[in-house]
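Working notes, beginning with the structure itself.
Any value given below was found using the heavy atoms of this structure, including those in side chains, with hydrogens, waters and symmetry copies removed. Remember, it's 1-based here, ligands and their atoms both numbered in the order they're listed.
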Amino acid sequence: MRKKLCFAIAAAAALCVFPMSAAADSFLTHVLESYEMNAENSYTISYLEQDPYLVNIYEGYGFAKDYMSARGHAYVLEDVAGTERPHPLANCLTCKTEDFTRLVNEMGEDAYSLDFEEVYADAHQNVGCYSCHGDDFPTGKLVLTHDYSVTAIGDDMGDTIAPAIAVCGQCHTEYYFKPENKATNVPYTDIASMDPAAELAYYDEMGFADWVQESTGTPLLKVQHPEIETVLGEGNIHARMGLSCADCHMEKTTTDEGRDFKSHYLKSPLDSEELLTTCAQCHKDTDMAEKVHTLQAEITARETEVGEKLSALKDALAEAVASGDYTEDELDEIRSLHRTAQWYFDWDYVENSEGAHNSALARKCLDTAEETIDEAMGLFES
Ligand code: HEC
Ligand code: HEC
Ligand code: HEC
Ligand code: HEC
């Protein structure tokens, strides 16, 4: 209820700031109503129940306690408050509420280390008009509002990234918190470095780890939803042909008055007759659901295979540490391979399309993870 009210306030505020005709008013109301439909995407599952090996590989980190799949934008605030993962600082609100984005833009990076509960109490709006349009939302102009995205790719979006990809990539991206001041940041500076190998090199160079796992002693990384990376990165098929996130996830809709606009209900293209007609421009009479589901089944089966091997590596390493039979140098060599293998596994696993965005890159990550696990396993004394 609270969120609905605030959407109404946001739309009304637009009218106060930008004097507009009644037609524009009703047009914005249509956009707003389409965005509110994201509440219909409420389905979520526990990844830990679906893939129990995750509890072992994430041991010692919050994701071993609670890891639910993503759902619609209407739930972001509720879900961040409800998670059992620790969330002490306001930086956890970076991708959850436009109110926090405004605060960062007013006070700078100091906002990221404020207390979570204090900032949350004043956050009323989920991901909102401001998140993707700044204060230009009545015109529909796309604007980067997240400071780290502006730094990484420039507020002209580097001239090379379609705005309807760049705005989504502000949150649908891998990120980390800077050790010195807990500010949110991304591990890349352009399209070329939006890549699993380049991002790992970035973290290795700065000596960054999300946590040091107690049983293995490995300084591990936790990847988060690198969607902009798979959409723009090596092996992408569609972005090169000019398709944006909006082209595949936002339907063309018409208001009662006959005006066309992009629905803001962010859908799977498989759930939309209209979006499937976009696919058919190139995929002709292919059954798209079958094409996508076949690919996803292949990738998720590989994830289970590689995830279970990774879990076995973690157990073998923990046992080696406990045995006292290995020198620290020997253990560090295996730990380094463990960190690399887990990075590549996770980079694929946590991407939300399950291989649909870029199956070549998904396969490459899983193959690299598996080769690295095999190499590490070869270092244990038999
Ligand atoms: C300000 C941050 C932010 C921006 C910008 C953003 N998203 Fe999201 N998006 C999220 C978060 C956070 C979730 C997960 C919400 C949850 O599970 O509570 C999400 C969820 C989604 C989902 C549902 C995922 C599922 O598994 O059901 C889709 C689809 C989606 N976003 C697409 C987009 C597209 C397309 C864009 C650009 C037009 C975009 N998002 C821009 C933060 C953002
Ligand atoms: C060529 C079309 C295409 C493009 C471009 C595209 N996606 Fe997707 N996306 C898909 C398909 C297909 C799926 C899998 C849908 C399913 O499983 O039902 C998907 C799944 C997702 C999901 C998981 C939620 C869901 O509905 O399954 C999210 C989140 C998402 N995409 C976000 C993005 C973002 C953000 C961008 C841009 C950076 C983007 N997508 C670009 C086609 C696309
Ligand atoms: C998650 C990002 C996101 C959010 C949140 C968002 N928009 Fe948009 N909006 C877009 C994108 C992307 C497009 C352009 C789609 C395209 O044509 O490629 C767009 C287009 C528009 C347009 C032009 C419509 C058209 O099709 O001519 C208007 C107006 C607009 N948005 C208003 C709003 C308002 C009002 C809100 C808040 C209720 C809002 N948007 C929230 C991403 C967003
Ligand atoms: C501009 C042409 C074009 C459009 C529009 C288009 N595709 Fe594609 N798509 C291709 C081409 C070309 C390929 C590569 C050959 C193939 O796999 O069919 C491809 C491949 C794919 C793949 C396999 C991707 C991978 O990495 O293995 C999926 C999934 C897919 N498309 C889904 C979609 C969906 C869903 C839509 C509509 C929302 C869509 N495409 C719209 C041209 C297009």
Side-chain angles (χ1 to χ4, degrees), residues 35 38-45 68-83 92-98 100-101 125-133 142-146 149 161-173 175 194 224-233 235-251 262 264-272 274-284 286 288-300 350-363:
Y35 195 56
N38 286 298
E40 287 185 17
N41 175 6
S42 61
Y43 176 78
T44 174
I45 56 147
M68 302 298 290
S69 67
R71 51 182 180 158
H73 278 195
Y75 296 97
V76 286
L77 274 179
E78 187 180 323
D79 288 345
V80 72
T83 178
C92 296
L93 293 166
T94 304
C95 287
K96 315 296 181 193
T97 161
E98 61 167 41
F100 182 64
T101 311
Q125 177 58 59
N126 279 307
V127 176
C129 316
Y130 179 83
S131 305
C132 301
H133 297 293
L142 295 171
V143 176
L144 289 182
T145 53
H146 290 231
S149 293
I161 304 181
I165 292 178
V167 290
C168 309
Q170 298 180 103
C171 305
H172 290 268
T173 184
Y175 68 89
M194 288 180 190
Q224 337 278 342
H225 38 74
E227 275 95 65
I228 190 172
E229 288 97 323
T230 52
V231 167
L232 291 175
N236 90 69
I237 293 169
H238 297 102
R240 274 187 284 142
M241 293 190 289
L243 292 181
S244 71
C245 316
D247 291 324
C248 294
H249 289 287
M250 296 170 77
E251 292 175 342
K262 285 280 204 181
H264 280 51
Y265 180 13
L266 307 168
K267 276 188 170 178
S268 160
L270 305 182
D271 294 336
S272 160
E274 200 283 322
L275 291 170
L276 286 170
T277 58
T278 309
C279 317
Q281 287 168 13
C282 302
H283 289 281
K284 305 287 179 231
T286 307
M288 291 313 288
E290 195 193 323
K291 183 177 171 75
V292 171
H293 291 149
T294 305
L295 236 168
Q296 291 175 327
E298 177 213 316
I299 298 297
T300 48
V350 303
E351 208 275 354
N352 281 304
S353 75
E354 287 151 25
H357 286 155
N358 189 335
S359 67
L361 196 51
R363 286 186 202 98

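Summary of contacts: the protein heavy atom closest to atom 17 (O) of ligand 2 is Q296 NE2, 2.9 Å.
Protein N/O/S atoms closer to atom 8 (Fe) of ligand 2 than 2.8 Å number 2 in this structure. For atom 8 (Fe) of ligand 4, protein N, O or S atoms under 2.8 Å: 2 in total.
At a threshold of 4.0 Å, the pair E78-R71 counts as salt-bridged, since one of the basic side-chain nitrogens sits closer than that to a carboxylate oxygen. Ionic pairing of E251 and K262 is not present here: no N-O contact between side-chain nitrogen and carboxylate oxygen is shorter than 4.0 angstrom.
Between the side chains of H357 and E351, at least one donor N or O sits under 3.5 Å from an acceptor N or O. If you check the side chains of Q296 and T294, you find no donor sitting under 3.5 Å from an acceptor. In this model, no donor atom of one side chain and acceptor atom of the other lie less than 3.5 Å apart for E98 and S131.
When non-hydrogen atoms are compared, ligand 1 lies under 4.0 Å from the side chain of D79 (C-beta onward) but not from its backbone. For N41, every heavy-atom contact with ligand 1 shorter than 4.0 Å involves the side chain, none the backbone. Residue-level proximity to ligand 4 for L295 is carried by the side chain, the only part with a heavy atom below 4.0 angstrom. With a 4.0 Å heavy-atom cut-off, ligand 1 is reached by the side chain of H146 but not by its N, CA, C or O.
Against a heavy-atom cut-off of under 4.0 Å, K96 is close to the following atoms of ligand 1: 12 (C). Taking a cut-off of under 4.0 Å to the non-hydrogen atoms of S359, the atoms of ligand 4 that pass are 25 (C), 26 (O), 27 (O).
For ligand 1, the polar-atom distance check finds an N/O of R71 within less than 3.5 Å of one of the ligand's N/O atoms.
For H146, the ring pair (Phe, Tyr, Trp, His ring centres under 6.0 Å) criterion is met by Y148, not counting sequence neighbours.
Residue A239 places every heavy atom at 4.0 Å or more from ligand 2. For the ligand labelled ligand 2, residue L270 lies inside the 4.0 Å heavy-atom shell.
For atom 8 (Fe) of ligand 1, the set of protein N/O/S atoms nearer than 2.8 Å consists of H73 NE2, H172 NE2, ordered by chain and number.
For N126 (side chain) and L77 (main-chain N/O), a donor-acceptor pair under 3.5 Å exists by modelled atom type.
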